[in-house]
**Q** 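Right, I'll just put the structure down here and ask away after.
By convention in this document, chain letters (A, B, ...) are assigned in the order of the sequence lines, proteins followed by strands, and residues within each chain are numbered from 1.
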Amino acid sequence: MRYSETELLICVAARLMEDRKTAFIGTGIPMLAASLAKKIYAPNLVAVFEFGGIGPSLEKLPLGVGDSRTFHRAIAAMGICDIMETAQRGFIEYGFLGGAQIDMYGNLNSTVIGPYFPPKVRLPGSGGANDVGSFCWKTIAIMREHNKKRFVEKIDFITTPGYLTGPGAREAVGLPPNTGPYRVVTNLALLGYEEKSKRMMLLATHPGVKVEQVIENTGFELIIPDKVGENEPPTEKELKILREEVDPDRLYI
Amino acid sequence: MRYSETELLICVAARLMEDRKTAFIGTGIPMLAASLAKKIYAPNLVAVFEFGGIGPSLEKLPLGVGDSRTFHRAIAAMGICDIMETAQRGFIEYGFLGGAQIDMYGNLNSTVIGPYFPPKVRLPGSGGANDVGSFCWKTIAIMREHNKKRFVEKIDFITTPGYLTGPGAREAVGLPPNTGPYRVVTNLALLGYEEKSKRMMLLATHPGVKVEQVIENTGFELIIPDKVGENEPPTEKELKILREEVDPDRLYI
Amino acid sequence: MMILGEGLGELFCPPDPNGFREWVHKNKDLAMKEKVMDEKTAIATFVKDGDYIGTELYGTVRAPMSLIRELIRQGKKDLGVAGQGIIEIDFLLAAGLVKTLDITYVAYEVYGISNILRRAVESGKVKTTEWSNAAIAWRFKAAAMGVPFLPTRSMLGTDTFKRSGAKVVECPFTKMKVCLLPALYLDVGFIHCHRADKYGNCQIDGISGFAFEFARACKRLIISTEKIIPHEEIQKYPEKTIIPYYLVDAVVEAPYGSHPGEMCYCYWRDEEHLKKFLEDSKDIEKTKAYLDKYIYGVKNHEEYINLIGLERLKWLESQIGGR
Amino acid sequence: MMILGEGLGELFCPPDPNGFREWVHKNKDLAMKEKVMDEKTAIATFVKDGDYIGTELYGTVRAPMSLIRELIRQGKKDLGVAGQGIIEIDFLLAAGLVKTLDITYVAYEVYGISNILRRAVESGKVKTTEWSNAAIAWRFKAAAMGVPFLPTRSMLGTDTFKRSGAKVVECPFTKMKVCLLPALYLDVGFIHCHRADKYGNCQIDGISGFAFEFARACKRLIISTEKIIPHEEIQKYPEKTIIPYYLVDAVVEAPYGSHPGEMCYCYWRDEEHLKKFLEDSKDIEKTKAYLDKYIYGVKNHEEYINLIGLERLKWLESQIGGR
């Protein structure tokens with residue numbers, strides 16, 4: 001069964017979600033991944049949205065982190081402060097992030113390309129990203145374009161903290177201990193971080209993608225373990241539910 | 001028409017309330033005064049209660065600062081934080097206070113008699129009193145027993161700030177500027193504070209009470225202005241409404 | 001922004017946001033599962049001797065009295081207790097279970113001071129640290145926010161501050177003096193609400209007191225509720241949920257759970273009962289007799305309800321104001 | 001507790017709790033009086049050039065769009081703007097009315113970045129200071145609490161902090177590093193709600209966003225509402241009041257006031273309209289044409305509603321989810 005890069009990426013992200021956990025969901029791919037996960041792998045996943053939605057049914061795909069679908073038949077409809085404070089208190093396990101640039105420590109840039117002011121390209125800004133990256137126990141970055149322009153040695157602006165400059169750096173600046181980047185899902189592969197060095201490490205390539213290809217498209221030295229897995233292509237069930245139930249209007253896929 | 005000391009005290013306090021203002025209401029006399037004022041002098045007085053009640057009808061007399069009568073047909077039913085923060089933001093004009101001891105600067109003690117620990121007599125503690133005394137623009141103290149045991153040179157414990165040690169002292173410790181004690185209503189008289197010295201000053205005696213009597217019953221030097229007024233006795237209307245509508249069950253009067 | 005002043009009061013429960021985070025991550029089950037149990041099991045499972053506990057709202061208003069009575073029956077001792085209270089704290093003090101008290105107010109409002117508090121503190125048995133009512137609520141709020149402290153403009157310049165565990169600093173933005181309140185995390189908290197589903201999603205009518213902040217400041221949270229409602233009711237009005245399930249460890253169904261206090265829109269306070277207890281509380285023996293009859297003398301809340309009598313309770317229902 | 005780090009970002013609106021208190025005491029009428037007026041009067045009366053303003057919730061969700069359109073018609077300029085936004089901030093930027101921006105996020109979520117923001121900032125015309133989304137909300141919360149700052153654990157160690165106006169200090173209780181956020185007080189705030197009475201007591205359905213904190217952080221607060229309800233409705237469910245009348249200066253009735261954004265339980269977002277604007281916004285002339293047609297080209301919200309067409313709006317009503 002044929003599938004698109006985006007569909008694969010969504011399926012790989014969805015498979016990362018544990019059941020019976022909380023996940024801080026941002027706009028776009030994470031919403032599809034969470035919705036797909038809820039329908040197949042994690043029926044009791046509690047999706048939490050920035051502006052107050054907690055544990056909605058996710059029958060219909062939200063178009064924004066504050067829209068009415070983020071709290072339709074939800075457990076609670078609160079406000080942004082309660083959500084962010086719940087994360088700051090340590091109640092949110094997973095957090096999803098994105099950005100224009102990422103470095104080997106998982107630091108992300110979604111603010112500016114070039115100097116800060118005036119910038120070459122003005123990007124949206126942090127929004128909740130910095131908070132999610134600061135508070136959630138494990139963050140998962142979604143990068144739709146795995147190339148040297150986006151996976152760089154030095155990002156132009158650290159919008160959202162990854163492991164910053166390496167081991168112990170988060171704790172040193174005052175961020176909550178034992179938190180930080182967990183996975184990166186791209187159009188080429190699934191990546192993680194090496195326990196000791198906190199540096200990005202290849203975990204598994206997508207079907208048909210070679211390890212070299214991932215290395216060539218990464219602008220910093222990527223840790224390659226002895227064993228690199230290969231991600232399963234989307235199953236028929238995944239694709240059917242994704243296309244017919246999660247995103248029938250084809251807003252994202 | 002005959003009346004009790006308490007009834008007079010309530011009427012004098014009720015007459016102090018301006019219409020169309022907010023007032024932080026504590027248990028007891030203040031509730032009766034506010035209720036009476038609302039029925040005669042200040043129909044649009046917005047009574048605010050510690051645990052969340054804002055602008056209730058006060059048809060029935062509350063027995064506690066959190067009971068259901070404090071938010072029956074109210075404008076809003078919030079929580080203690082919103083009420084206290086509203087006061088801290090400067091939105092509450094009047095605050096009512098009481099205590100076992102008061103000094104010439106209007107500082108109040110409702111915590112202990114004797115040393116702090118173990119105390120000779122353990123009193124209730126601050127409750128919201130310290131907050132009301134810190135945040136409200138004008139505070140009114142209700143003292144049912146005007147005598148030398150209660151009006152003292154030095155109180156055993158400053159539970160709630162009056163003018164502390166005198167002019168400028170509140171601002172010096174960080175309390176909001178231009179706030180502080182405004183009136184004291186006792187079983188003998190109505191008192192205020194001298195503009196310059198911030199010291200307690202006699203304003204008006206109750207019917208049949210002589211100025212000397214007030215001085216004799218005050219344990220510190222009281223400022224006596226050239227003109228001392230005399231408070232009107234309760235009017236028939238005041239007594240009728242107080243007895244038949246405000247406190248028909250005679251809980252307080 | 002240096003420290004300009006410090007309260008002398010002992011911090012019975014110092015703030016530790018990182019410790020709380022780690023504890024939550026290790027011990028709090030985020031799965032939405034059924035948590036309905038009887039009060040005996042709830043207290044036995046989640047409360048231990050020496051715990052620092054708290055209750056919301058207070059004595060005569062939406063107080064978790066049925067849980068407090070069970071706590072006393074099980075004799076959990078050496079407790080640290082936070083806050084504002086009336087009869088619920090008097091019960092604990094009279095039963096001799098309290099070691100330390102972060103006190104803001106313990107008395108009977110219109111009916112005056114607490115004789116039980118006087119005996120407990122004047123004898124030196126129970127240690128105290130002072131706070132204003134807002135200060136205690138803001139300490140819970142700091143914990144709920146996941147920060148070690150909150151600034152406030154209360155308590156400044158008073159002995160209430162001197163006997164508290166707060167600190168005064170200069171604001172680095174405005175140079176004004178502010179009072180910093182340390183976050184207060186509870187080992188176990190008790191809240192009585194109007195409605196909850198079997199997972200612990202809770203609704204409260206009327207004023208919220210400090211339920212929102214308090215619920216978020218507890219490691220363990222035991223809910224008693226007038227009524228258990230279907231989960232679908234929660235989903236239909238998600239904005240009514242003040243306490244989401246993941247904060248809750250146990251849900252105990254307890255109709256009339258606030259008696260002798262009131263429950264807004266449900267039943268009015270039992271004035272006769274309260275006055276009788278207040279009278280009894282003046283005498284040690286009579287206080288003991290009260291506890292024997294209404295707490296130790298009954299096996300559970302159901303027996304307590306029968307002791308008070310349904311007729312009496314129905315009458316109290318008829319006395320409460322409507323919408 | 002000394003300062004360990006400071007953001008380089010300009011504080012466009014420094015905190016001043018005492019100044020706010022004095023302003024409120026002098027200017028805010030605490031009397032509960034009728035405040036219903038049309039949008040023209042509300043904006044003309046309470047907004048001036050150079051004001052620091054803000055809106056709640058955001059662009060496509062319960063946003064005060066009818067008020068923003070009127071603000072632009074009246075050409076109030078040199079504005080400072082706080083926060084999180086989409087189309088509402090794009091409108092203001094495109095109209096050239098914004099001087100400074102405390103920015104956390106301006107873009108179109110699933111539809112990507114804002115071309116209008118790019119032109120405004122890359123040209124150096126609009127100055128920016130960075131904050132996280134929580135940071136902006138907490139800055140409002142600090143103002144709402146009446147304190148000069150709030151501590152948080154966000155933004156630490158990043159360039160977002162470096163370009164903010166926050167400071168890092170050591171907590172005097174725990175020795176941990178915390179980020180202090182200065183309170184953010186607004187000259188004028190705009191909120192669109194579901195229901196309000198003529199005095200300004202407001203109810204909101206669904207998520208509350210940051211309405212609670214925001215409403216309490218404003219010197220002047222202009223409310224637009226889908227519906228004006230009798231005061232008795234407010235009194236019947238006092239716990240539903242999220243904004244009490246004394247915070248409010250004007251109440252403007254504005255059905256479909258959030259269009260092209262959604263209003264939960266009322267009407268869904270106008271996807272076609274939003275996509276069309278996003279397309280137009282890529283081109284300066286087309287952007288101007290959009291403003292000419294939908295903002296300058298209509299006298300008021302009523303004309304705007306007619307321009308969009310009731311048929312379209314009724315259809316949007318049919319597309320929103322129920323309870």
Side-chain angles (χ1 to χ4, degrees), chain C residues 1-6 11 14-21 134 138-139 141-142 145-154 165-183 194 203-208 212 232-233 235-240 242 264-265 322-323, chain D residues 1-6 11 14-21 134 138-139 141-142 145-154 165-183 194 203-208 212 232-233 235-240 242 264-265 322-323:
Chain C
M1 188 163 172
M2 42 190 161
I3 297 165
L4 306 173
E6 297 188 78
L11 261 192
D16 179 14
N18 286 339
F20 184 80
R21 278 183 62 97
W138 281 326
R139 291 188 65 195
K141 185 169 185 162
M145 290 177 68
V147 294
F149 64 84
L150 278 181
T152 159
R153 311 189 63 187
S154 189
K167 299 179 192 292
V168 173
V169 299
E170 183 187 82
C171 165
F173 296 98
T174 61
K175 303 282 169 248
M176 61 199 274
K177 287 179 184 167
V178 289
C179 173
L180 301 188
L181 301 168
H194 288 80
Q203 299 178 346
I204 287 174
D205 293 341
I207 55 171
S208 54
F212 183 93
E232 293 62 38
E233 272 303 298
Q235 291 175 302
K236 194 169 180 187
Y237 300 100
E239 61 269 83
K240 275 195 188 177
I242 182 169
C264 69
Y265 307 120
R323 284 284 177 181
Chain D
M1 190 163 172
M2 43 190 160
I3 297 164
L4 306 174
E6 297 189 80
L11 260 192
D16 179 14
N18 285 340
F20 183 80
R21 278 182 62 97
W138 282 325
R139 291 189 65 196
K141 186 169 185 161
M145 289 177 69
V147 294
F149 63 86
L150 278 180
T152 159
R153 312 190 63 188
S154 190
K167 301 179 191 292
V168 174
V169 300
E170 183 187 82
C171 164
F173 296 97
T174 62
K175 303 283 168 247
M176 61 198 276
K177 288 177 183 169
V178 288
C179 172
L180 301 188
L181 302 168
H194 288 80
Q203 298 179 346
I204 288 173
D205 293 339
I207 55 170
S208 55
F212 183 93
E232 293 61 36
E233 273 302 297
Q235 291 176 301
K236 195 169 179 186
Y237 300 100
E239 61 269 83
K240 276 195 188 177
I242 182 170
C264 69
Y265 306 119
R323 285 283 177 180

**Q** Taking the side chain as everything from C-beta on, heavy atoms only, tell me whether C/P151 gets closer than 4.5 Å to D/P151.
**A** yes
**Q** How far does CG of D/N18 sit from CZ of C/R153, to the nearest 0.5 angstrom?
**A** 4.0 Å
**Q** If you count heavy-atom pairs within less than 4.5 Å of chain C, which of D/A183, D/P182, D/G322 leads?
**A** D/P182
**Q** Where is the tightest heavy-atom contact between C/P238 and D/R323, given as atom of each residue plus distance?
**A** CD-NH1, 3.9 Å
**Q** How far apart are the closest heavy atoms of D/M145 and C/L150, and which atoms are they?
**A** CE-CD1, 4.0 Å
**Q** Counting only heavy atoms closer than 4.5 Å, note whether C/K240 contacts chain D via side chain, backbone, both or neither.
**A** neither
**Q** Ring-plane angle category for D/F173 and C/F149, please: parallel below 30°, perpendicular beyond 60°, tilted otherwise.
**A** tilted
**Q** Using a cut-off of under 4.5 Å for heavy-atom pairs, which of C/Q235, C/M176, C/E6 has the most such pairs with chain D?
**A** C/M176
**Q** Is it the side chain or the backbone of D/P14 that comes within 4.5 Å of chain C heavy atoms, both, or neither?
**A** neither
**Q** Heavy atoms only: give me the nearest D/K167-C/P172 pair and the separation to one decimal.
**A** CE-O, 3.6 Å
**Q** Relative to chain C, which segment of D/L11 carries a heavy atom at a distance below 4.5 Å: side chain, backbone, both, or neither?
**A** side chain
